[in-house]
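Right, one structure below, let's go through it.
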Amino acid sequence: MKEPLDNLLDLQREYQRFVQKMAKNNQLTIAEWQLLQRIADGKNSQELLAEDLRLDTSTLSRQLSKLTTKAFVKISKVANQNNIKTRKSYQYHLSEIGQRVLSQMNTDFKEFGQKVFAQWTGEEKNFLKILINRLTQSMRQVTLN
């Protein structure tokens with residue numbers, strides 16, 4: 001019998017495979033989906049996005065560039081409010097196509113979750129949440145040398 005953490009690794013791989021396939025069907029990567037979601041949630045500057053996603057600016061720039069090329073995101077320049085001669089800031093907004101793609105991906109993800117838990121009772125789902133929260137807390141308490 002496998003150890004619990006080995007089972008979690010197997011589950012993580014399976015989950016990743018399903019979500020990657022869903023994203024690909026929507027012409028996205030998982031990272032692009034997460035980025036579109038953050039922009040839709042109002043995090044519309046590189047600074048806010050980098051902080052929220054914990055990405056360095058070069059990685060974030062590449063991802064935003066790909067989304068712009070796919071016409072999922074629009075960019076607008078924002079003048080510096082202090083009137084100092086510095087680089088202009090940019091704001092990112094979902095295009096109409098980007099909104100449709102994000103909406104479809106979110107719908108697909110929700111349907112996936114409903115199928116996964118279709119045979120589970122509410123009590124079983126709540127118990128799983130409790131166990132996952134407990135595992136998360138335990139992992140945060142472990143320090144590696």
Could you check whether atom [atom1] of [X] has more than 12 heavy atoms from other residues, nucleotides or ligands sitting under 6.0 Å from it?
X	atom1	value
F127	CZ	no
Q37	CD	yes
Q114	CD	yes
Q20	CD	yes
Q12	CD	yes

Can you see which heavy atom on [X] is nearest to which on [Y], and at what distance?
X	Y	answer
L102	L36	CD2-O, 3.8 Å
A50	L60	N-CD2, 3.5 Å
V19	M105	O-CE, 4.1 Å

Is any side-chain heavy atom of [X] less than 4.5 Å from a side-chain heavy atom of [Y]?
X	Y	result
Q104	R100	no
T121	E124	yes
S76	H93	yes

Taking [Y]'s backbone N and O only, do any of them form a donor-acceptor pair with [X]'s side chain (distance below 3.5 Å, no angle check)?
X	Y	answer
T107	S103	yes
S95	F72	yes
N133	K129	yes
S45	Q91	no

How many angstroms lie between [atom1] in [X] and [atom2] in [Y], if you round to the nearest 0.5 Å?
X	Y	atom1	atom2	result
L67	R62	CG	CZ	13.0 Å
N44	R38	CG	CZ	14.0 Å
L128	L131	CG	CG	6.5 Å
R54	D52	CZ	CG	8.0 Å

Verify same cluster id: [X], [Y] (apolar side-chain graph, 4.5 Å):
X	Y	answer
F18	F109	yes
I75	L55	yes
L53	Y90	yes
I132	V116	yes

Q: Begin with the C-alpha distance, continue with both residues' side-chain angles, and end with the deciding distance and a verdict on side-chain contact (heavy atoms from CB on, under 4.5 Å) for K66 and Q63.
A: CA-CA 5 Å; K66 287 178 185 177; Q63 290 178 352; 5.8 Å; no
Q.
side-chain contact (heavy atoms from CB on, under 4.5 Å), that's the test. Do L64 and L49 meet it? Break it down for me.
A. CA-CA 10 Å; L64 287 167; L49 291 165; 4.2 Å; yes
Q: Determine, stepwise, if the pair F112 / F117 fulfils side-chain contact (heavy atoms from CB on, under 4.5 Å).
A: CA-CA 9 Å; F112 168 67; F117 293 107; over 6 Å; no
Q. In this structure, which one of V142, T136, L135 forms a side-chain contact (heavy atoms from CB on, under 4.5 Å) with M139?
A.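 Of the listed options, the one satisfying the test is L135.
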Q.
Between E111 and K115 (salt bridge meaning N to carboxylate O under 4.0 Å), is one present in this structure?
A.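 A salt bridge is absent here (no side-chain N lies under 4.0 Å from a carboxylate O).
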Acceptor/donor pairs from residues 26-35 side chains to any protein atom, 3.5 angstrom cut, sequence neighbours excluded:
| residue | atom | partner | partner atom | Å |
| --- | --- | --- | --- | --- |
| N26 | ND2 | M22 | O | 2.9 |
| N26 | ND2 | D108 | OD2 | 2.9 |
| T29 | OG1 | E32 | N | 3.0 |
| E32 | OE1 | T29 | N | 3.0 |
| E32 | OE1 | K70 | NZ | 2.7 |
| E32 | OE2 | K70 | NZ | 3.3 |
| W33 | NE1 | N106 | OD1 | 2.9 |

Q. After noting the C-alpha distance and the side-chain angles of R13 and D10, does the key distance pass the salt bridge (Lys or Arg N to Asp or Glu O under 4.0 Å) rule?
A. CA-CA 5 Å; R13 285 186 205 105; D10 290 345; 3.0 Å; yes
Q. Will you find, in the side chains of S61 and Q46, an N or O donor that is under 3.5 Å from an N or O acceptor?
A.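 Q46 and S61 do have a side-chain donor-acceptor pair below 3.5 Å.
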